[in-house]
Asker: 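Please read through the structure below; I'll follow up with questions.
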Amino acid sequence: MKKGVLPFILAGAGLLMSLSAGAKDVYVYSTSGDALGQLAKVKRIELNNDKLTLVPTKGDNVNVDMDKFGFLTFRSLDPGAVSTVGTDNLKVKIEGDVLFIESPSEITSVSVYNTLGELKGHAVPNATTASMTIASNGLNIIVVEAGGIKSTYKIAR
């Protein structure tokens with residue numbers, strides 16, 4: 001083997017393992033809960049020209065118009081795990097400054113981010129209902145984990 005080739009081989013193997021370890025199934029829904037698209041083993045999510053693009057580790061991209069986009073759900077692809085398609089069955093609404101969430105399973109985490117990705121609020125309700133005050137105006141990204149599923153919502157105020 002040529003001198004200096006081994007580090008490149010090890011780096012490539014590490015990159016492949018990190019991609020497979022971080023890969024997720026992503027499901028895209030409208031605000032009314034209709035399925036708009038899904039993709040297995042997503043490497044990244046891009047926002048370009050009023051489109052949300054799911055980029056897989058292999059294969060074709062899935063594009064969704066942002067005007068139809070409501071929320072995302074994620075499922076990790078753990079080794080040996082079986083991933084199934086399903087909705088999160090959450091009810092998320094905002095009234096004034098208060099965010100209300102209902103779930104048939106236990107809500108383990110609620111995080112609120114602004115469009116800069118700054119965490120603006122976090123709660124660990126460990127109950128089937130949760131509420132929290134949203135103080136920031138504009139577009140907020142809400143990430144809810146319930147029943148082992150992370151769902152992402154956009155809330156405009």
Asker: Taking the side chain as everything from C-beta on, heavy atoms only, tell me whether N126 gets closer than 4.5 Å to E106.
Answerer: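 Contact flag for N126/E106 side chains = yes.
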Asker: If Ile, Leu, Val, Met, Phe, Trp and Tyr residues are connected whenever their side-chain heavy atoms lie under 4.5 Å apart, and connections chain through other members, are V124 and V144 in the same group?
Answerer: no
Asker: Spell out, yes or no, whether M132 and Y113 are grouped together once hydrophobic residues are joined by side-chain heavy atoms under 4.5 Å, including indirect joins.
Answerer: no
Asker: Distance check, rounded to the nearest 0.5 Å: S105 atom OG versus L90 atom CG?
Answerer: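 S105 OG to L90 CG: 7.0 Å, rounded to 0.5 Å.
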Asker: What I'd like to find out is whether the side chain of K154 reaches to under 4.5 Å of the side chain of N140, using heavy atoms alone.
Answerer: no
Asker: Measuring only between side-chain heavy atoms, which start at C-beta, is V42 closer than 4.5 Å to P56?
Answerer: no
Asker: Rounded to the nearest 0.5 Å, what separates atom OG1 in T133 from atom CG in L99?
Answerer: 9.5 Å
Asker: Which residues satisfy the side-chain hydrogen bond (donor to acceptor under 3.5 Å, both in side chains) test with T129, sequence neighbours excluded?
Answerer: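 Testing T129 for side-chain hydrogen bond (donor to acceptor under 3.5 Å, both in side chains), a comparison that skips the adjacent residues, returns none.
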Asker: OG1 of T152 to CD1 of I142: how many Å apart, nearest 0.5 Å?
Answerer: 10.0 Å
Asker: Can you list the steps and then say if V55 with I45 is a side-chain contact (heavy atoms from CB on, under 4.5 Å)?
Answerer: CA-CA 6 Å; V55 179; I45 299 172; over 6 Å; no
Asker: Hey, quick one: are V92 and V143 part of the same hydrophobic cluster, counting side-chain heavy atoms closer than 4.5 Å, chains of contacts allowed?
Answerer: no
Asker: What are the two closest heavy atoms between I107 and S103, and how far apart are they?
Answerer: CG1-CB, 3.7 Å
Asker: For the CD1 atom of I94 and the OH atom of Y153, what is their distance to the nearest 0.5 Å?
Answerer: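 It is 13.5 Å, given to the nearest 0.5 Å.
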Asker: Applying side-chain contact (heavy atoms from CB on, under 4.5 Å), run through I155 and L139 and close with a yes or a no.
Answerer: CA-CA 6 Å; I155 304 282; L139 183 65; over 6 Å; no
Asker: Search all heavy atoms of F69 against all heavy atoms of L52 and return the closest pair with its distance.
Answerer: CE1-CD1, 4.3 Å
Asker: Test of understanding: with side-chain hydrogen bond (donor to acceptor under 3.5 Å, both in side chains), list the residues that count as partners of K91, not counting sequence neighbours.
Answerer: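 K91: no side-chain hydrogen bond (donor to acceptor under 3.5 Å, both in side chains) contacts found.
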Asker: Can you name the nearest heavy-atom pair linking K120 to N114, along with the distance?
Answerer: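 What the structure gives for the nearest pair is CE-ND2, 3.4 Å.
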Asker: Treating Ile, Leu, Val, Met, Phe, Trp and Tyr as nodes and any side-chain heavy-atom pair under 4.5 angstrom as an edge, say whether V64 and L39 lie in one connected cluster.
Answerer: yes
Asker: Could you work out the complete set of other residues in the hydrophobic cluster of V98, with links drawn between I, L, V, M, F, W and Y side chains under 4.5 Å apart?
Answerer: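 Noted: V98 shares its cluster with F100.
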Asker: Going by the salt bridge (charged side-chain N to carboxylate O under 4.0 Å, His left out) test, which pairs reach into residues 49-73, not counting sequence neighbours?
Answerer: none
Asker: Mind checking whether L119 and V110 sit in one hydrophobic cluster, side chains of I, L, V, M, F, W, Y counted as touching below 4.5 Å?
Answerer: no
Asker: With D97, which residues qualify under side-chain hydrogen bond (donor to acceptor under 3.5 Å, both in side chains), at least two apart?
Answerer: R157
Asker: Nearest heavy-atom pair of P125 and A130: which atoms, and what distance?
Answerer: CG-CB, 3.7 Å
Asker: Just how far is it from atom CZ of R44 to atom OG1 of T57, taken to the nearest 0.5 Å?
Answerer: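 Rounded to the nearest 0.5 Å, the CZ-OG1 separation comes out at 11.0 Å.
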Asker: List the residues meeting side-chain hydrogen bond (donor to acceptor under 3.5 Å, both in side chains) with S111, not counting sequence neighbours, and say none if there are none.
Answerer: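 S111 satisfies side-chain hydrogen bond (donor to acceptor under 3.5 Å, both in side chains) with H122 only.
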Asker: How long is the gap from CD1 on I149 to OG1 on T108, to the nearest 0.5 Å?
Answerer: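 If I round to the nearest 0.5 Å, the distance is 11.0 Å.
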